[in-house]
Amino acid sequence: MGDLVTVATRGPLLDGIAFDVTSSSKIVVAIMDRERGPVLRSVDRTAVTPRTDAGPDDAQLQLLIRRTPAGSHGTGHVGGGVGPGRAGHQRATGHRTTGK
């Protein structure tokens with residue numbers, strides 16, 4: 001992703017950078033929150049329009065995107081999408097001898 005976008009909110013229009021498409025109707029966008037700084041928000045796709053000019057907060061939004069791991073799609077188990085799930089008991093224990 002990484003596309004420059006403008007996000008229409010209930011208040012002012014916000015400059016943002018597209019981070020991830022989570023579904024056919026939602027997109028995750030990095031925007032600047034006045035109180036919290038750069039954050040990732042899930043917004044409706046219809047609220048997002050492309051923009052061409054760089055904004056004053058784009059450098060900080062790029063840093064947020066760089067330090068955030070990519071989302072994993074279609075995984076329903078703990079541990080992400082690569083390799084086996086959680087570490088734990090892989091198989092049943094063997095028979096314990098009685099000391100014979």
Where at least one partner belongs to residues 1-12, residue pairs that pass side-chain hydrogen bond (donor to acceptor under 3.5 Å, both in side chains), sequence neighbours excluded:
none
Under a 4.5 Å cut-off applied to non-hydrogen side-chain atoms, are L64 and L40 in contact?
yes
Roughly how far, to the nearest 0.5 Å, is CG of L63 from CG of D57?
11.5 Å
Distance-only check: which donor-acceptor pairs under 3.5 Å involve side-chain atoms of residues 44-53, not counting sequence neighbours?
residue	atom	partner	partner atom	Å
D44	OD2	T46	OG1	2.4
R51	NE	V5	O	2.8
R51	NH1	D53	O	2.8
R51	NH1	D58	OD2	3.3
R51	NH2	G16	O	3.1
R51	NH2	D58	OD1	2.7
R51	NH2	D58	OD2	3.4

Less than 3.5 Å apart, which donor and acceptor atoms pair up between the side chains of residues 24-39 and the rest of the protein, not counting sequence neighbours?
residue	atom	partner	partner atom	Å
D33	OD1	E35	N	3.1
D33	OD2	R41	NH2	3.1

